[in-house]
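Working notes for the structure below.
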Amino acid sequence: MGVNPHMEAIRRERTLVFVKPDGVQRGLVGEIIARFERCGLKIVGMKMVWPTKEFLDRHYPKDETFLVTLGSKTREAFETYGMSLKASMGTEDLLEIGRRVRGWLLDYVSSAPVVAFVLEGTQATSVVRKIVGHTLPVFAQPGTIRGDFAIDSPTVANLEQRAIRNLVHASGNVEEAEKEISLWFSPEELFSYPRAGEEGF
Ligand code: GDP
Ligand code: MG
């Protein structure tokens, strides 16, 4: 039976993850990596880096869609807890809130080293997002990384003028994954090898 190239591409999908400063500082790097390894994802690149704000400015999108998404997560949490967005943030403009959150995010992720890695496997991007859980730890299910190890919510983070501490970054979709991998890793830092059970092991 010949190899179906389309299927091979799905099985070899790659995605970027990094353990954020809170995960590194809380000593959760091993715990977090283990969760990806045990479901069968393959680590094909890994390193510790201390990202600068300039670098992160290239990593996090600047477009209106991304900023409004950040703002709408804030609104979702404020609505759930019956809190007034206007009273806490001084505005209900999602774009403006998104801009502020993005600024806090650059401060947070540049505050200490992170551990970045590229994972490969069947539909790796969506599998990784499932393991990571909801962006806002208060909404993340138990069993997910964010649900099990974090408790943060925009209702407090925004009042304290800081980003949500949610332990990990994971690419949001396949297109984002491709962009992020080429920003964080050079081709020489990524490896192809068989995992146990794969042909060639
Ligand atoms: P992710 O892909 O699940 O990490 O979420 P996003 O790409 O939407 O947001 C990027 C990061 O911004 C999140 O991981 C959080 O650290 C932070 N963040 C997102 N939404 C909010 C928010 O409403 N308030 C605050 N303070 N931080 C947020
Ligand atoms: Mg994202």
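We count ligands from 1, going down the list as the structure has it; atoms in each ligand are counted the same way. Just so you know, these numbers come straight off a predicted model, no measurement behind them. Computed from heavy atoms alone, side chains included, the values below leave out hydrogens, waters and symmetry copies.
Within the 3.5 Å criterion, the main-chain N or O of Asp57 finds a donor-acceptor partner in the side chain of Arg102. With Trp50 contributing its side chain and Ser110 its backbone, the two residues share a donor-acceptor pair below 3.5 Å.
Residue pairs satisfying the side-chain hydrogen bond (donor to acceptor under 3.5 Å, both in side chains) criterion with at least one member in residues 89-99, sequence neighbours excluded, are listed as follows: Glu96-Arg100.
In this view, Trp184 and Phe18, Phe55, His59 satisfy the ring pair (Phe, Tyr, Trp, His ring centres under 6.0 Å) rule, not counting sequence neighbours. Applying the side chain to side chain contact (heavy atoms under 4.5 Å, CB included) criterion to Ser88, with sequence neighbours excluded, gives Phe78, Met83, Leu159.
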Between ligand 1 and the protein, give all atom pairs where both partners are nitrogen or oxygen and the distance is under 3.5 Å, as lines of names plus distance to 0.1 Å.
from	atom 1	to	atom 2	distance (Å)
ligand 1	2 (O)	Arg129	NH1	2.8
ligand 1	2 (O)	Arg129	NH2	3.3
ligand 1	3 (O)	Arg129	NH2	2.8
ligand 1	3 (O)	Thr135	OG1	2.5
ligand 1	3 (O)	Arg146	NH1	3.0
ligand 1	4 (O)	Arg146	NH2	3.1
ligand 1	5 (O)	Lys73	NZ	3.3
ligand 1	5 (O)	Thr135	OG1	3.2
ligand 1	8 (O)	Lys73	NZ	2.6
ligand 1	14 (O)	Lys20	NZ	2.8
ligand 1	14 (O)	Asn166	ND2	2.7
ligand 1	16 (O)	Lys20	NZ	3.3
ligand 1	16 (O)	Ile164	O	2.9
ligand 1	23 (O)	Thr74	N	3.3
ligand 1	23 (O)	Thr74	OG1	2.5
ligand 1	24 (N)	Asn158	OD1	2.9
ligand 1	26 (N)	Asn158	OD1	2.7
ligand 1	26 (N)	Arg162	O	2.9
ligand 1	27 (N)	Ile164	N	3.1

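The salt bridge (charged side-chain N to carboxylate O under 4.0 Å, His left out) with Arg162 is formed by just one residue from the set Asp152, Asp22, Asp107; it is Asp152.
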